[in-house]
Undergrad: 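I'd like to ask some things about the structure below.
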Amino acid sequence: MSSARPAGLPNVEAKEPAVLVLPGPVSRDQVPGLCDDLRALLAATGAPVVVCDAGGLGPPGLAVVDLLARLELTARRAGGRIRLRDPDPALHALLDLVGLRFQVQGQAEEGEPALGVEEAVETGDPAL
């Protein structure tokens with residue numbers, strides 16, 4: 001009796017990422033509660049990354065930067081990371097200005113080509 005492995009790729013169930021919706025505008029009093037929510041979400045799901053929906057944060061400012069920095073620190077201390085969904089372009093620019101880099105859902109990670117982009121190889125190029 002033998003049991004051969006089926007041909008093809010194994011069936012892997014796709015999981016939806018854990019999502020934390022960030023309300024706007026955010027006050028300093030809300031930050032500890034949102035950090036607790038993030039910590040609980042990481043523990044409950046076991047997900048390494050929580051997607052923070054930043055679409056409703058409102059106008060970017062230092063309060064939003066402080067919130068995102070504290071959320072990232074909370075996630076790292078819990079063994080995870082956060083990824084932003086739908087951040088305002090001005091928020092993205094402000095985060096770059098203050099030196100904070102966040103992964104943004106739907107963008108290629110650093111060092112990876114964007115989806116659908118293939119590198120072309122010229123014939124006669126020496127192998128590296």
Side-chain angles (χ1 to χ4, degrees):
M1 196 191 228
S2 69
S3 59
R5 289 184 63 178
L9 296 174
N11 184 13
V12 178
E13 291 183 33
K15 289 185 178 180
E16 289 295 318
V19 178
L20 177 65
V21 178
L22 303 175
V26 177
S27 68
R28 290 180 79 89
D29 298 337
Q30 293 174 301
V31 172
L34 289 169
C35 288
D36 290 341
D37 292 346
L38 174 66
R39 194 177 301 110
L41 195 56
L42 283 166
T45 63
V49 176
V50 171
V51 175
C52 292
D53 189 344
L57 279 176
L62 294 180
V64 173
V65 171
D66 180 58
L67 169 67
L68 293 176
R70 289 177 187 270
L71 287 174
E72 178 67 13
L73 181 61
T74 299
R76 285 189 180 198
R77 286 180 176 168
R81 300 287 307 248
I82 66 170
R83 181 178 299 142
L84 301 180
R85 176 190 290 168
D86 196 27
D88 186 293
L91 174 60
H92 210 307
L94 182 59
L95 291 170
D96 282 344
L97 182 68
V98 298
L100 293 175
R101 304 261 177 191
F102 289 96
Q103 289 182 354
V104 177
Q105 189 175 26
Q107 287 184 346
E109 292 186 30
E110 193 171 318
E112 294 183 6
L115 294 175
V117 175
E118 295 182 21
E119 291 186 33
V121 178
E122 298 285 328
T123 55
D125 280 349
L128 298 177

Undergrad: Would you call Pro87 and Val104 a side-chain contact if the rule is heavy atoms closer than 4.5 Å?
TA: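 The answer is yes; the side chains approach within 4.5 Å.
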
Undergrad: Are Val64 and Leu62 linked, directly or through other ILVMFWY residues, by side chains that come within less than 4.5 angstrom of each other?
TA: no

Undergrad: How close do Phe102 and Leu68 get, counting heavy atoms only, and between which atoms?
TA: CZ-O, 3.6 Å

Undergrad: Same cluster or not: Val65 versus Leu57, using hydrophobic residues (I, L, V, M, F, W, Y) connected whenever any side-chain heavy atoms lie under 4.5 Å apart?
TA: yes

Undergrad: Consider only side-chain heavy atoms of I, L, V, M, F, W and Y, link residues closer than 4.5 Å, and tell whether Val98 and Leu73 are in one cluster.
TA: no

Undergrad: Quick check: do Leu38 and Val50 have side-chain heavy atoms less than 4.5 Å from each other?
TA: yes

Undergrad: Taking all atoms of both residues into account, what is the closest heavy-atom pair of Leu42 and Ala47, and its distance?
TA: CD2-O, 3.3 Å

Undergrad: If hydrophobic residues (ILVMFWY) are linked whenever their side-chain heavy atoms come closer than 4.5 Å, directly or via other members, who joins Val51 in its cluster?
TA: Val19, Val21

Undergrad: Going by heavy atoms in the side chains, are Asp36 and Arg39 under 4.5 Å from each other?
TA: yes

Undergrad: Closest heavy-atom contact between Gln105 and Pro17?
TA: NE2-CG, 4.4 Å

Undergrad: Contact between Leu84 and Gln103 at the side-chain level, heavy atoms closer than 4.5 Å - yes or no?
TA: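 In short, these two side chains do not touch, never coming nearer than 4.5 Å.
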
Undergrad: Going from CG on Leu67 to CD on Gln30, what distance comes out if it is rounded to the nearest 0.5 angstrom?
TA: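 If I round to the nearest 0.5 Å, the distance is 8.5 Å.
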
Undergrad: Determine the sole option in Arg77, Arg83, Arg81 for which the salt bridge (Lys or Arg N to Asp or Glu O under 4.0 Å) test with Glu72 is passed.
TA: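 The passing option is Arg81.
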
Undergrad: Measuring from Leu41:CG to Leu34:CG, what's the distance to the nearest 0.5 Å?
TA: 11.5 Å

Undergrad: Atom CG in Leu71, atom CG in Leu20: separation rounded to 0.5 Å?
TA: 6.5 Å

